[in-house]
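In what follows, a single structure is set out as structure tokens and then discussed.
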Amino acid sequence: MSGLSERDRAILDFEAVAVSPAGTGAKEEAIRDRCGLGVTAYYQRLNALIDTREALAYAPGLVRRLRRVRRARVRSRRDRSADLAHVERGHAARRQVCQGGSHAPHPRHRRDVPRAETSTFLRVKHAGM
């Protein structure tokens, strides 16, 4: 036999045929019923299984597909994290400039001038227009 336990083969077999529309909860219920595992334990075991040679030998198409899906999910998470870090660096740079960095701050961001005195309305009014 393949070196996989009966439960491991059942998990791979179930994952090969289990398709559930998003949000129905049907797959989660079937995981508990058929595999005797909680949802978290099931996915932890499945994730560990797809890294084994035995699982690849038992269900090569399924294992390759699941690895590909996992790589895409990790890449997506990494890209989102990098995007957020980029945004945060941008906010920090703007705060530094506006709070006395190497450039003069925008008049509305100066702390020594009340906001009303920097409005376009008052500048136009005082210019006599």
Side-chain angles (χ1 to χ4, degrees):
M1 246 209 220
S2 66
L4 293 173
S5 71
E6 187 66 34
R7 179 176 273 179
D8 292 343
R9 284 192 300 279
I11 288 172
L12 291 171
D13 292 340
F14 176 76
E15 191 64 28
V17 297
V19 177
S20 176
T24 64
K27 184 174 180 180
E28 288 80 5
E29 188 176 319
I31 287 169
R32 286 193 271 301
D33 292 344
R34 293 187 188 173
C35 300
L37 292 170
V39 176
T40 302
Y42 170 84
Y43 283 111
Q44 286 173 341
R45 185 64 195 142
L46 179 63
N47 197 41
L49 267 174
I50 65 174
D51 290 329
T52 65
R53 278 185 258 153
E54 292 85 4
L56 183 61
Y58 182 76
L62 172 68
V63 170
R64 286 189 191 107
R65 180 178 60 83
L66 292 174
R67 286 177 179 177
R68 194 171 48 250
V69 168
R70 181 177 61 184
R71 277 193 309 269
R73 194 170 30 249
V74 167
R75 192 177 317 115
S76 174
R77 250 186 242 125
R78 186 182 56 231
D79 292 348
R80 273 195 314 266
S81 177
D83 288 346
L84 289 174
H86 176 72
V87 168
E88 284 302 314
R89 280 193 305 273
H91 289 316
R94 281 192 294 281
R95 278 194 301 271
Q96 180 184 9
V97 168
C98 291
Q99 294 173 356
S102 59
H103 298 87
H106 188 278
R108 287 195 181 139
H109 297 173
R110 288 179 48 198
R111 297 184 188 279
D112 60 335
V113 178
R115 186 177 180 111
E117 291 181 23
T118 63
S119 73
T120 305
F121 172 75
L122 288 178
R123 279 184 281 174
V124 171
K125 181 179 172 187
H126 289 303
M129 295 185 171

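Only heavy atoms go into these numbers, but all of them, side chains included; no hydrogens, no water, no symmetry mates. Start at 1 with the first residue, then count along the sequence. Quick caveat, the model's predicted, so the values are computed rather than measured.
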Considering residues at least two apart in sequence or located in another chain, which fulfil the side-chain hydrogen bond (donor to acceptor under 3.5 Å, both in side chains) criterion with Thr40? none
Going from CZ on Arg67 to CZ on Arg71, what distance comes out if it is rounded to the nearest 0.5 angstrom? 8.0 Å
Going by atom type alone, with no hydrogens or angles, which donor-acceptor pairs under 3.5 Å involve a side-chain atom of residues 44-52 and a protein atom two or more places apart or on another chain?
residue, atom, partner, partner atom, Å
Arg45, NE, Asp8, OD1, 2.9
Arg45, NH2, Asp8, OD1, 3.2
Arg45, NH2, Asp8, OD2, 2.7
Asn47, OD1, Arg70, NH1, 2.8
Asp51, OD1, Arg70, NH1, 3.4
Asp51, OD1, Arg70, NH2, 2.6
Asp51, OD2, Arg70, NH1, 3.3
Thr52, OG1, Leu49, O, 2.7
Thr52, OG1, Ala55, N, 3.2

What are the two closest non-hydrogen atoms of Gly36 and Arg7, and how far apart are they? O-NH2, 3.9 Å
So, for Leu37 and Tyr42, which heavy atoms are closest and what is the spacing to 0.1 Å? CD1-CA, 4.0 Å
Verdict with reasoning, Glu6 to Arg9, per salt bridge (Lys or Arg N to Asp or Glu O under 4.0 Å): CA-CA 5 Å; Glu6 187 66 34; Arg9 284 192 300 279; 2.8 Å; yes
Under 4.5 Å between side-chain heavy atoms, counting indirect links through other Ile/Leu/Val/Met/Phe/Trp/Tyr residues: same cluster for Val69 and Leu56 or not? no
Within 6.0 angstrom of Arg34 CZ, more than 12 heavy atoms from elsewhere: no
Looking only at heavy atoms, which two atoms of Glu15 and Lys27 are closest? And how far apart? OE2-NZ, 3.0 Å
Please identify each residue that fulfils side-chain hydrogen bond (donor to acceptor under 3.5 Å, both in side chains) with Arg75, with sequence neighbours left out. none
Looking only at the side chains, is there a donor atom on one of Ser76 and Arg80 sitting less than 3.5 Å from an acceptor on the other? yes
Evaluate the criterion side chain to side chain contact (heavy atoms under 4.5 Å, CB included) for residue pair Tyr43 and Ile31; output intermediate values, then yes/no. CA-CA 10 Å; Tyr43 283 111; Ile31 287 169; 4.0 Å; yes
